[in-house]
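The block underneath contains the structure these notes are about, expressed in structure tokens.
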Amino acid sequence: MKKLLTIVLLLFSLNILAQEKIEVTEADYSNNSVEMADQMRADGKIYVLVGIIAIIFVGIIVYVVNTDRRISKLEKNLPS
């Protein structure tokens, strides 16, 4: 009974949270410009965004490499 109630509530909540459909027009298919990116490029802010993404990516790589080294040391110290 509990499973059935959970499934019914889940299906009901998914129906409530569903987004409304928006009609796609021909203008949507022919739109090739991205206004936000063009504005950021014009202001020079796109380079700040690329720099921040690069810093985050390098930080993740350093963290993974550091963790791998620590795990390797712990594996060497374990008795076989």
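Everything numeric in this text was worked out from a predicted model, so none of it was measured.
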- Message: Test: side-chain hydrogen bond (donor to acceptor under 3.5 Å, both in side chains). Region: residues 41-50. Which pairs qualify, not counting sequence neighbours?
- Response: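 Every pair satisfying side-chain hydrogen bond (donor to acceptor under 3.5 Å, both in side chains) with a residue in residues 41-50: Asp38-Arg41, Gln39-Asp43.
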- Hey, what do you get for CG (Asp68) to NZ (Lys73), rounding to the nearest 0.5 Å?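 Spacing of CG (Asp68) from NZ (Lys73) equals 11.5 Å.
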- Message: Is there a path of hydrophobic side-chain contacts, each under 4.5 Å between heavy atoms of I/L/V/M/F/W/Y residues, joining Ile46 to Ile53?
- Response: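 Yes, it is one cluster - the side chains of Ile53 and Ile46 are joined through contacts under 4.5 Å.
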- If you group Ile, Leu, Val, Met, Phe, Trp and Tyr whenever their side-chain heavy atoms sit less than 4.5 Å apart, what else falls in with Ile71?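 Members alongside Ile71: none; it stands by itself.
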Between side-chain atoms of residues 55-67 and protein atoms elsewhere (two or more places apart, or another chain), which donor-acceptor pairs fall under 3.5 Å?
{"from": "Thr67", "atom 1": "OG1", "to": "Tyr63", "atom 2": "O", "distance (Å)": "2.8"}

